[in-house]
Amino acid sequence: MNGTAHEWFKSSHSSDEGGNCLEVAVHPAAVHLRDSKNPAGPHLTVAPAAWAAFLGLAGRPE
């Protein structure tokens, strides 16, 4: 990462009891993703359009 502080959040459906949680930090130029169990990394960075497309597909029933 570039040294910029990110404000990370996770789903309101996540609990504090562990498990698999994805944390997201959204910025105008990039969306950063990380595993809540390993905040030091690795991190994935995607374009906002790619994140929007993913969210659109993730909400669709099969």
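Here, residue 1 is the first one in the sequence, and each next residue gets the next number.
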- Query: Between His32 and Trp51, does the ring centroid distance fall short of 6.0 Å?
  - Reply: no

- Task: Could you tell me whether His27 and His6 have their ring centroids closer than 6.0 angstrom?
- Result: yes

Approximate separation, where rounding is to 0.5 Å, of [X] [atom1] and [Y] [atom2]:
| X | Y | atom1 | atom2 | value |
| --- | --- | --- | --- | --- |
| Asp35 | Leu44 | CG | CG | 12.0 Å |
| Glu23 | Phe9 | CD | CZ | 10.0 Å |
| Trp8 | Leu33 | CH2 | CG | 7.0 Å |
| His43 | Asn38 | NE2 | CG | 7.5 Å |

- Item | Shortest non-hydrogen separation from Pro28 to Pro48 and the atoms involved | O-CG, 3.3 Å

- Item | Side-chain heavy-atom pair Val31, Thr45 within 4.5 angstrom cut-off | no

